[in-house]
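These values consider heavy atoms only, across backbone and side chains, with no hydrogens, waters or symmetry-generated copies. We name chains A, B, ... by the order of the sequence lines, and we start the count at 1 in each one. Remember, predicted model here, so these are calculated numbers, not experimental data.
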Protein chains: 2
Amino acid sequence: MTPPTELDPVPLCAALADATRWEILAVLGDRDASASELAEELPVSRQAIAKHLQQLAAVGLVEPIRAGRAIRYRALGARLGQLASRLETIGRGWDARLSRLKDVAEALDQD
Amino acid sequence: MTPPTELDPVPLCAALADATRWEILAVLGDRDASASELAEELPVSRQAIAKHLQQLAAVGLVEPIRAGRAIRYRALGARLGQLASRLETIGRGWDARLSRLKDVAEALDQD
DNA sequence: ATCTACTGCAATCAAACGGTTGCGTTCGCG
DNA sequence: CGCGAACGCAACCGTTTGATTGCAGTAGAT
């Protein structure tokens, strides 16, 4: 019984495949901020930031928090951890096959 | 003094942000294969596969192995593991800040 | 109640991307 | 030695994407 929906790495990786989004995440990793605040310290327009925040929120890397008239965003490490765990598992699977191949080769050598 | 080259997650994530490349990786995770072989069982042309393999090789997710006139490719779990570890660390950093904030809030409650 | 600041939506644009087709080249096999 | 299989390069096409600008809406602060 795996968790209802198995984590799809593609959308998450797509969200993490842009340098500007990483800059945003770097800021949000230090402190919560709104789109307007972020636009002040990054060299892109507020609307561009807002779109990025929507994409990040869509994959659960970021969480919107209403604070009066502003909407502040917070970086969520959970999804990143889930992705990391998934990638780790997959990578280990690949290398496991290689070890198996190596074992077979050594067994043949011994014959 | 950080390790010689700090792993940049952006190109790796970009390589992992495409469904076709994951299909290729899924095959290579099971067995080594050449671009032509892959093109036979995936619904894309050999040239498209070749481009994908180049991108995957460029970020070290895949390794080319000359086998006679063919070039077989092998999935490498190492880079995936490095990326996973990096993401894990970053995510933990974000959540650590949140725990700190929560601690402060609780301290204030106790006053 | 008004004014202001912050968010959301739409249209537009250039660049990047995934994919295809066609051609040239190389190298192993018979 | 020649045939054919497999790779690489280049041009091209439609779609997606990151970014901009302009405008409309909405809800706090005064």
Protein-nucleic acid N or O pairs under 3.5 Å, nucleotides 21-23 of chain D:
{"unit_1": "D/dG22", "atom_1": "O6", "unit_2": "A/Q47", "atom_2": "NE2", "d": "3.2"}

Tell me which donor-acceptor pairs under 3.5 Å the side chains of residues 18-28 of chain B have, and how far apart each pair is, sequence neighbours excluded?
{"unit_1": "B/D18", "atom_1": "OD2", "unit_2": "B/T20", "atom_2": "N", "d": "2.9"}
{"unit_1": "B/D18", "atom_1": "OD2", "unit_2": "B/R21", "atom_2": "N", "d": "3.1"}
{"unit_1": "B/R21", "atom_1": "NE", "unit_2": "B/A15", "atom_2": "O", "d": "2.7"}
{"unit_1": "B/R21", "atom_1": "NH1", "unit_2": "B/H52", "atom_2": "ND1", "d": "3.0"}
{"unit_1": "B/R21", "atom_1": "NH1", "unit_2": "B/Q55", "atom_2": "OE1", "d": "3.1"}
{"unit_1": "B/R21", "atom_1": "NH2", "unit_2": "B/A14", "atom_2": "O", "d": "3.2"}
{"unit_1": "B/W22", "atom_1": "NE1", "unit_2": "B/L16", "atom_2": "O", "d": "2.6"}

Would A/E40 and A/R46 count as a side chain to side chain contact (heavy atoms under 4.5 Å, CB included) here? Give the steps. CA-CA 8 Å; A/E40 281 172 12; A/R46 176 188 64 83; over 6 Å; no

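For the pair B/L53 CG and C/dG19 P, the computed distance is 12 Å after rounding to whole Å. For B/L16 and C/dG18, the CG to P distance is 12 Å, given to the nearest whole Å. As a whole-Å value, the separation of B/L38 CG from D/dA6 P is 13 Å. Straight-line distance from the NZ atom of A/K51 to the C1' atom of C/dG8: 12 Å, rounded to whole Å. Between the CD atom of B/E40 and the P atom of D/dA6 there is a distance of 8 Å, rounded to whole Å. Look at CD1 on A/I24: it is 8 Å from P on D/dA19, rounded to the nearest Å. We find that CG of B/D18 is positioned 17 Å from P of D/dT15, with the value rounded to whole Å.
Contact annotation: the side chain of B/R86 approaches that of B/E6 to within less than 4.5 Å [non-hydrogen atoms, C-beta and beyond]. Taking 4.5 Å as the limit, some side-chain heavy atom of A/V59 sits within range of a side-chain heavy atom of A/P11. The shortest side-chain heavy-atom distance between A/E88 and B/E88 does not fall under the 4.5 Å cut-off. The shortest side-chain heavy-atom distance between B/I71 and B/P64 falls under the 4.5 Å cut-off.
Across all strands shown, B/A35 has heavy atoms under 4.0 Å from sugar-phosphate atoms exclusively, and none from any base. Counting any heavy atom pair closer than 4.0 Å across all strands shown, B/R21 reaches sugar-phosphate atoms only and no base atom. Residue contacts for A/R66: at a heavy-atom cut-off of 4.0 Å it reaches no nucleic acid atom on any strand shown. B/E37 comes within 4.0 angstrom of nothing in the nucleic acid, heavy atoms only.
Across C/dT7, D/dT20, D/dG28, the shortest atom-to-atom separation from the side chain of A/S36 is found for C/dT7. When each of C/dT20, D/dC9, D/dG28 is scored by its nearest atom to the side-chain atoms of B/Q54, the top-ranked nucleotide is D/dC9. Which of D/dG28, D/dT20, C/dG8 sits closest to the side chain of A/R69 comes down to D/dG28.
Close to D/dG18, at under 4.0 Å from its OP1 or OP2, lies no side-chain N or O of A/T20. The phosphate of C/dG18 (OP1 or OP2) has a side-chain N or O of B/Q55 nearer than 4.0 angstrom. Phosphate proximity of D/dT17 to A/H52: absent, as no side-chain N or O sits under 4.0 Å from OP1 or OP2.
Using a 4.0 Å cut-off between charged nitrogen and carboxylate oxygen, B/R97 and A/D32 count as a salt-bridge pair.
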